[in-house]
Amino acid sequence: MTQPRRFHLQRTTDITGVSGTGRVADGILWTDGTVSVRWLGERPSTVFWDNLAHAEHVHGHGGHTRIVWDDPEPAPRGDCPHCPDGHTPADSGSQPWHVHVAPERDGDGQPIRLYVERAAGAHVAESDAEWIRARLTRVEQP
């Protein structure tokens, strides 16, 4: 994981009668696997855990409190040194795709070419081309 990931604790039943129900805490899963939890309410406090499993074990109350992720799960990191996200697979990552119509026209003035490229000037790999090619030539099943 290369960036912290936000979550909150959502409680359906307040077993202890202290925290209430609903959103009871905000949290961060840090890149080293440690966790910070900031409790909401009349007496807010912050707790630190070595890992998410420990925090969930103590505060989950047998399933009455669940972790709700506020940030999406990070894309798996690839191995490209030129990409900010390690050149993740074509269907994920921090460099979305853009498509625009090229200026070239046929005899009737209709466009004849599309340009497909990664955002922010990121380069593309042969694996990206294969991914796009497969989607453009896919035969739909009845």
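Keep in mind that this is a model prediction, so the values were computed, not measured.
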According to a 4.5 Å side-chain heavy-atom criterion applied to Ile, Leu, Val, Met, Phe, Trp and Tyr, with indirect links allowed, do Trp69 and Val24 form part of one hydrophobic cluster? yes

Interatomic distance, His8 atom NE2 to Arg23 atom CZ [nearest 0.5 angstrom]: 4.5 Å

If we only count heavy atoms from C-beta on, is the Phe48 to Thr46 side-chain gap below 4.5 Å? yes

Looking at residues at least two apart in the chain, or sitting in another chain, which of them share a side-chain hydrogen bond (donor to acceptor under 3.5 Å, both in side chains) with Ser36? Trp30

Start with the C-alpha gap between Asp71 and Arg5, add the side-chain angles, then the distance that decides, and say whether salt bridge (charged side-chain N to carboxylate O under 4.0 Å, His left out) holds. CA-CA 6 Å; Asp71 291 327; Arg5 190 172 176 206; over 6 Å; no

Tell me which pairs pass salt bridge (charged side-chain N to carboxylate O under 4.0 Å, His left out) where either residue lies in residues 100-114, with sequence neighbours left out. Glu104-Arg113

How long is the span from the CG atom in Asp26 to the CZ atom in Arg6, to the nearest 0.5 Å? 9.0 Å

How far does CZ of Arg66 sit from CZ of Phe7, to the nearest 0.5 angstrom? 13.5 Å

Quick one: do Thr34 and Asn51 satisfy side-chain contact (heavy atoms from CB on, under 4.5 Å)? Show the steps, please. CA-CA 5 Å; Thr34 60; Asn51 60 59; over 6 Å; no

Which word best sums up how the rings of His100 and Tyr115 line up, parallel for under 30°, tilted for 30 to 60°, or perpendicular for over 60°? tilted

What pairs of residues pass the salt bridge (charged side-chain N to carboxylate O under 4.0 Å, His left out) test when at least one of them lies in residues 33-55, not counting sequence neighbours? none

State, to 0.1 Å, how close Ile28 and Pro4 come at their nearest heavy-atom pair, and which atoms those are. CG2-CB, 3.8 Å

In short, Leu9 meets Thr65 closest at the heavy-atom pair CB-CG2, 3.8 Å

dist Asp32:CG -> Leu29:CG (nearest 0.5 Å) comes out at 8.5 Å

For the atom pair CD (Glu117) and CD1 (Ile132), what is the distance rounded to the nearest 0.5 Å? 10.5 Å

Quick one: do Val116 and Val101 end up in the same hydrophobic cluster if we chain Ile, Leu, Val, Met, Phe, Trp and Tyr together by side-chain heavy atoms under 4.5 Å apart? yes

Are Val47 and Ile67 in one and the same hydrophobic cluster, where Ile, Leu, Val, Met, Phe, Trp and Tyr link if side-chain heavy atoms are under 4.5 Å apart? yes

